2 protein chains.
Amino acid sequence: MTEAQLDATFAALADPTRRAILARLAKGDASVNELAEPFAMSQPAISKHLKVLEKAGLISRQQIAQKRPCHIEGEAMAGAVSWLERYREIWEGNYRRLDALLASMQASSGTGSKDA
Amino acid sequence: MTEAQLDATFAALADPTRRAILARLAKGDASVNELAEPFAMSQPAISKHLKVLEKAGLISRQQIAQKRPCHIEGEAMAGAVSWLERYREIWEGNYRRLDALLASMQASSGTGSKDA
DNA sequence: TTGTTCTAAAACTATTTAGTTATATAATAT
DNA sequence: ATATTATATAACTAAATAGTTTTAGAACAA
């Protein structure tokens, strides 16, 4: 995943309307009007949000009669998560520091209890 | 995590300079000037990025003499990941559809080979 | 005190974003 | 052919964003 793709993906996710659209699409494909219905917002506004999501690769679209049903796509989200995973040890509690502490404890004493 | 916090976190992550700053801070705390050094950008620009990261809760700051060293904070990232996790089954390959397919296969035939 | 270092704030500009209304286009239905 | 339905595009506005340069302020050093 390129930097530009990460830019587009995170930016697309940074809007509550777009996140709600994705939540809806997780339950199944939907047309533009179906997606617009719950929002106090014009249809063109929703179409713009969909374009943002599509550019980020978070959704794709078909053409069925006059409708253009939207389908959620997982790859972009997977890319975002895999970027964030680099920091897992930080958001799970600073293992590096803990490791260093444990190492120094092991070096000085002899019991070596591994469970903290 | 509130919608507003998700907005702020994803928006903060949607910029390559800010992501690079986080990558640097993952290796250890750093002052504003240290963070600014690798970028072809003014110091005030970096200070603004840091404010965005701080508002999102992605970093915190200390005060040591004239310096205000920045420290990466994991909680906001954890919140972003946990939001994304809802979609894991989608970005790992549409288990729901696969489950339905397997169920219908099991219902009709009797061999039941699980490996596709 | 005076100067130096580190960072933030102010004032400004250009670009992007999110929304609007009105209109165009494309597919279907009559 | 004409109308209807579903969506996109155009033109516009307001607000937010990312950058600039200049200046201010706070902490330290001489």
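Computed over heavy atoms, backbone and side chain alike; hydrogens, waters and symmetry mates excluded. Here is the naming used below: chain letters follow the sequence lines, and residue numbers restart at 1 for every chain. No experiment lies behind these values; they were computed from the predicted model shown.
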Less than 4.5 Å apart, any side-chain heavy atom of A/Leu58 and any of A/Arg18? no

Using a strict 4.0 Å threshold on nitrogen-to-oxygen distance, state whether B/Glu85 and B/Arg88 make a salt bridge. yes

Using a cut-off of strictly less than 4.0 Å, decide whether B/His49 has a side-chain nitrogen or oxygen near OP1 or OP2 of D/dT17. no

Closest approach of B/Leu25 and B/Cys70, non-hydrogen atoms and distance? CD2-O, 3.5 Å

Once each nucleotide of nucleotides 20-27 of chain D is scored for protein heavy atoms under 4.0 Å, what B/S/- sequence comes out, 5' to 3'? BBB----B

Expressed in angstrom and rounded to an integer, what is the separation of B/Ile21 atom CD1 from D/dA18 atom P? 11 Å

Leading and trailing nucleotides of DNA chain C with any atom under 4.0 Å from heavy atoms of chain A: C/dA18 to C/dT28

Hey, can you pull the residues of residues 54-62 of chain B with a non-hydrogen atom under 4.0 angstrom from DNA chain D? none

How would you list all residue pairs meeting side chain to side chain donor-acceptor pair (under 3.5 Å) that involve residues 73-82 of chain A, not counting sequence neighbours? A/Ser60-A/Glu73

Whole-Å distance between D/dA6 P and A/Leu50 CG? 16 Å

With sequence neighbours excluded, residues passing side chain to side chain donor-acceptor pair (under 3.5 Å) with B/Glu3: A/Arg19

If Ile, Leu, Val, Met, Phe, Trp and Tyr residues are connected whenever their side-chain heavy atoms lie under 4.5 Å apart, and connections chain through other members, are A/Met1 and B/Leu84 in the same group? yes

Could you check B/Gln66, B/Glu37, B/Gln62, B/Lys67 and say which one makes a side-chain contact (heavy atoms from CB on, under 4.5 Å) with B/Ser31? B/Lys67

Which sits closer to the 5' end of DNA chain C, B/Lys51 or A/Thr17, going by the nucleotide each is nearest to? B/Lys51

Applied to residues 25-56 of chain A, the ring pair (Phe, Tyr, Trp, His ring centres under 6.0 Å) test, sequence neighbours excluded, yields none

Report yes or no: do B/Leu22 and A/Val81 belong to one cluster of Ile/Leu/Val/Met/Phe/Trp/Tyr joined by side chain heavy-atom distances under 4.5 Å? yes

Do the non-hydrogen side-chain atoms of B/Trp83 and B/Thr9 ever get within less than 4.5 Å of each other? no

